[in-house]
Number of protein chains: 2
Amino acid sequence: MNGESKPVRARKPRGEYAKSKATRTAILDCALEVFAESGYRSGSLREVATRVGMSEAGLLHHFPSKVKLLEAVLDHRDERSRAMVPLDSPDGAAILRGLVRLADYNASVPGVVELYCVLSAEATSVDHPAHAYFVERYALTRRTLEEAFAALAGEGKLRGGMTPRGAAIALIAMMDGLQVQWLLEDGGIDMAEELRTLFGQFVEIDWAVVDSPAT
Amino acid sequence: MNGESKPVRARKPRGEYAKSKATRTAILDCALEVFAESGYRSGSLREVATRVGMSEAGLLHHFPSKVKLLEAVLDHRDERSRAMVPLDSPDGAAILRGLVRLADYNASVPGVVELYCVLSAEATSVDHPAHAYFVERYALTRRTLEEAFAALAGEGKLRGGMTPRGAAIALIAMMDGLQVQWLLEDGGIDMAEELRTLFGQFVEIDWAVVDSPAT
DNA sequence: GTCTATATGGCGATAGAC
DNA sequence: GTCTATCGCCATATAGAC
């Protein structure tokens, strides 16, 4: 889209837009930290504002309420992790390799791990602002993985005794559970390695394949 | 200890002790509910007191601070679940059967599941009052299960590719992760059944054996 | 053992100046 | 776009009467 060679004049020629965007990003980064450390309910706007280096009122100018801020944080992070795993690929093995790759990447961003770990537990309450988000997210992930395992079963690569649905549930459970141990153990376990050995128990897969990145 | 046939006179002949104990138990039950629904940090003494049917000051007469109340709740629940799993048994298979039994029992007490799920995530923060509790609890559980799997490996019942340590980590992760899904799905998955099929993938075990209860 | 009253402080959000 | 000031509420914990 827009293949002209000459740069089009921006709609907002003033530098304020860029600055505002940078401020928003700074806020989202700090909010992620705070929600990760204390959860949504106990994390405070005051703490976020302090870390950003502005007042609470200033912060609320960019995100009109605490709930809106949470939604923005979740959206912000979703974009990044979606790019790591080819969830729409017909190749089941590629999806599994993507998940191991994601686990490896996650180990480099403990804040994000903590965020999802704490929020998914907190959001099991039906009255939590992110409850619907997590219910939908889990349902979608499980459905996608079930299809991936069904494809692998069609190729005769799923070991006896495992159903596609059971494998999908187990895989998600493992990823979540490993994160809790990893956080409590302060990185003392290797999430990606544990995932690989476990997957190897119920599916035949060649880990050496390198998938082309989705970008 | 104390084998006399005649009942010994109680140290506190008055009925107040029994009443006080009942009050303590009522408080602990309500506190478990509140901490399960909102976590420790967001759960309030006010809410606990309301559910018990007494004032905040009255509650604080029995538990002098919020932290002490949390510790009492955790201790209270630990006794019950310890009785379900023969963690000190030399029979590895019996331990695994006990864990499946525990998962089945847990499905009947969603409040307890929620409590541990929410608290274990919240307590990954080093400054959380229950941080040390959970670190120790996980270390102990992993060590115990590692020994159980090592025993099974000695009998040639551990499938190739799984180490005792890897199996222990995977097992704990699965139990934790299944609870999150179970809570979010409102009981839509069968935790015990999922555990059984997963265990079957890396260990040879006869589920039909009924272990004698520890009582 | 339980209460009311209160101290002290953090919270989310708004109003309005600059 | 950012600030100060403020509102109204909820939190934990204590003091002291009954």
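Note that this is a predicted model, so its numbers are computed, not measured.
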(message) So that I can tick it off, tell me whether B:D29 and B:R51 are bridged by a salt bridge, with the cut-off set at under 4.0 angstrom between side-chain N and carboxylate O.
(response) no
(request) Side-chain contact test, heavy atoms from C-beta onward, threshold under 4.5 Å: evaluate it for B:R137 versus B:L74 and give yes or no. (result) no
(message) Listing request: all side-chain hydrogen bond (donor to acceptor under 3.5 Å, both in side chains) pairs with a residue in residues 163-188 of chain A, at least two apart in sequence or in separate chains.
(response) A:Y138-A:D176, A:Q181-B:R142, A:E185-B:R142
(request) Taking only Lys NZ, Arg NE, NH1 and NH2, and the carboxylate oxygens of Asp or Glu, determine whether B:E146 and B:R143 approach each other closer than 4.0 Å. (result) no
(request) Could you tell me the separation between the NZ atom of B:K66 and the P atom of D:dT14, rounded to a whole number of Å? (result) 15 Å
(request) Flag the pair B:R41 / A:R41 as yes when at least one side-chain heavy-atom distance between them is below 4.5 Å, and no otherwise. (result) no
(request) Could you check which residues of residues 39-64 of chain A get a heavy atom under 4.0 Å from DNA chain C? Sort them by number, please. (result) A:G43, A:S44, A:L45, A:R46, A:E56, A:A57, A:L60
